[in-house]
Amino acid sequence: QVQLVESGGGLVQAGGSLKLSCAASGSIFSIIVMGWYRQAPGKQRELVAAGTGDGGSLYADSVKGRFTISRDNAKNTVYLQMNSLKPEDTAVYYCNAPGGILGRNYYPGTYWGQGTQVTVSS
């Protein structure tokens with residue numbers, strides 16, 4: 001069993017920044033790859049970024065150069081630094097684990113967090 005708890009969402013103006021956190025607890029020893037997804041109203045959930053335990057990462061084209069995924073393995077926490085935010089980044093952001101990366105594809109794991117709302121005003 002794995003528990004994922006996101007935090008750090010909020011309301012920000014366009015061009016601003018937010019940093020999301022996802023703390024993992026439970027049977028965490030098997031988690032290598034963790035991912036961030038988002039879901040805007042009326043849209044499907046989409047991958048934003050994923051990161052491996054050794055520093056590897058991949059990003060959706062829409063966030064490349066603006067978002068950065070990082071992790072603190074000692075704290076079992078993965079972060080999503082979001083800069084230059086746009087109104088279209090408005091969504092509920094979810095943490096996922098334990099995933100897998102093959103090539104440029106991320107394969108989500110079983111566990112999801114409860115989500116944290118990010119709202120970007122224009």
Side-chain angles (χ1 to χ4, degrees):
Q1 189 73 16
V2 175
Q3 294 81 44
L4 303 173
V5 179
E6 301 100 334
S7 61
L11 173 64
V12 64
Q13 288 188 331
S17 298
L18 282 174
K19 187 174 185 177
L20 306 183
S21 299
C22 173
S25 61
S27 302
I28 57 178
F29 60 88
S30 62
I31 294 177
I32 302 292
V33 181
M34 299 181 72
W36 284 98
Y37 280 74
R38 67 185 181 188
Q39 187 167 20
K43 295 187 177 181
Q44 289 187 334
R45 191 172 296 190
E46 62 176 359
L47 177 69
V48 176
T52 66
D54 60 359
S57 61
L58 61 83
Y59 297 91
D61 289 342
S62 59
V63 306
K64 280 181 181 177
R66 300 188 298 122
F67 291 11
T68 303
I69 189 170
S70 63
R71 60 198 293 160
D72 185 335
N73 288 330
K75 296 182 178 180
N76 296 310
T77 300
V78 64
Y79 304 98
L80 186 68
Q81 177 67 47
M82 305 185 296
N83 298 328
S84 302
L85 282 162
K86 304 175 181 180
E88 52 262 45
D89 295 318
T90 295
V92 178
Y93 284 70
Y94 298 91
C95 181
N96 172 264
I101 292 178
L102 182 62
R104 291 185 52 81
N105 296 311
Y106 174 77
Y107 297 91
T110 304
Y111 301 102
W112 296 87
Q114 82 288 353
T116 185
Q117 176 71 47
V118 172
T119 303
V120 184
S121 63
S122 57

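Basis for what follows: all heavy atoms, side chains included, without hydrogens, waters or symmetry-related copies.
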Asks: Is the terminal nitrogen or CZ of Lys64 (NZ for Lys, CZ for Arg) located under 6.0 angstrom from the six-membered ring centre of Tyr59 and within 45° of that ring's axis?
Replies: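 Cation-pi check for Lys64 and Tyr59: fails.
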Asks: Looking at Val120, is its backbone amide N or carbonyl O close enough to the side chain of Gln13 to form a donor-acceptor pair, meaning the two atoms are under 3.5 Å apart?
Replies: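 A pair under 3.5 Å: no.
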Asks: State whether a side-chain donor-acceptor pair under 3.5 Å links Ser17 with Asn83.
Replies: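 Note: Ser17 and Asn83 side chains meet the donor-acceptor criterion.
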Asks: Is there a donor-acceptor contact under 3.5 Å from the side chain of Arg38 to the main chain of Leu47?
Replies: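 Here the side-chain-to-backbone pair does not exist.
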Asks: Which heavy atom of Ser21 sits nearest to which heavy atom of Thr77, and what is that distance?
Replies: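 Heavy-atom minimum between the residues: CB-CG2, 4.3 Å.
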Asks: Has the side chain of Asp72 got a donor or acceptor atom that lies under 3.5 Å from a matching backbone atom of Lys75?
Replies: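 At least one qualifying donor-acceptor pair exists.
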Asks: When rounded to the nearest 0.5 angstrom, what distance separates CZ in Phe67 from OG in Ser62?
Replies: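 Rounded to the nearest 0.5 Å, the CZ-OG separation comes out at 7.5 Å.
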Asks: Using a 3.5 Å distance criterion without hydrogens, assess whether the side chain of Thr119 forms a donor-acceptor pair with backbone atoms of Leu11.
Replies: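 Checked: no pair found.
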Asks: In chain order, what residues pass the side-chain hydrogen bond (donor to acceptor under 3.5 Å, both in side chains) check against Tyr37, with sequence neighbours excluded?
Replies: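 With neighbours one apart ignored, the set is empty.
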Asks: Looking at Ile101 and Ala50, what are the two nearest heavy atoms and their distance?
Replies: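 Minimum heavy-atom separation between Ile101 and Ala50: CD1-CB, 4.0 Å.
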Asks: Specify the closest pair of heavy atoms between Asp89 and Arg66, including all atoms of both residues, with the distance to one decimal.
Replies: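 Result for this residue pair: OD2-NH1, 2.7 Å.
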Asks: Kindly compute the distance separating CG (Leu20) from OG (Ser7), expressed to the nearest 0.5 Å.
Replies: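 One gets 8.0 Å once the value is rounded to the nearest 0.5 Å.
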Asks: Does Leu85 reach the side chain of Leu18, with side-chain heavy atoms less than 4.5 Å apart?
Replies: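 Sidechains of Leu18 and Leu85: in contact.
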Asks: Under a 3.5 Å distance rule, please check whether Glu6 uses its side chain to pair with a backbone N or O of Cys95 as donor and acceptor.
Replies: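 Between the backbone of Cys95 and the side chain of Glu6 there is a qualifying donor-acceptor contact (under 3.5 Å).
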Asks: Quick one: closest heavy-atom pair of Arg71 and Val33, and the distance?
Replies: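 Nearest heavy atoms, Arg71 then Val33: NH1-CA, 4.3 Å.
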Asks: Checking Arg45 against Tyr94: charged group under 6.0 Å from the ring centre and within 45 degrees of the axis?
Replies: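 Relative to the ring axis of Tyr94, which defines the angle, Arg45 lies inside both limits.
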Asks: Any luck finding a side-chain donor-acceptor pair between Asn96 and Tyr106 under 3.5 Å?
Replies: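 There is such a pair (donor and acceptor under 3.5 Å, judged by atom type) between the side chains of Asn96 and Tyr106.
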Asks: Is there a chain of hydrophobic side chains (I, L, V, M, F, W, Y, each step under 4.5 Å between heavy atoms) that links Val78 to Val2?
Replies: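 Cluster IDs for Val78 and Val2 match.
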Asks: For the residue pair Met82 and Val12, establish whether any side-chain heavy-atom pair is separated by less than 4.5 Å.
Replies: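 No, every pair of side-chain atoms sits at 4.5 Å or beyond.
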Asks: Are Val92 and Trp112 connected into the same hydrophobic cluster when the rule is that any two of I, L, V, M, F, W, Y join if their side-chain heavy atoms are below 4.5 Å apart?
Replies: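 In one cluster: yes.
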Asks: Between Gln117 and Ala91, which heavy-atom pair has the shortest distance, and what is it?
Replies: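 In this case the closest contact between Gln117 and Ala91 is NE2-O, 3.4 Å.
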Asks: Nearest heavy-atom pair of Gln114 and Leu4: which atoms, and what distance?
Replies: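 What the structure gives for the nearest pair is OE1-O, 3.6 Å.
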Asks: Roughly how far apart are Leu80 CG and Ser70 OG, rounded to 0.5 Å?
Replies: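 Nearest 0.5 Å value for the CG-OG distance: 8.5 Å.
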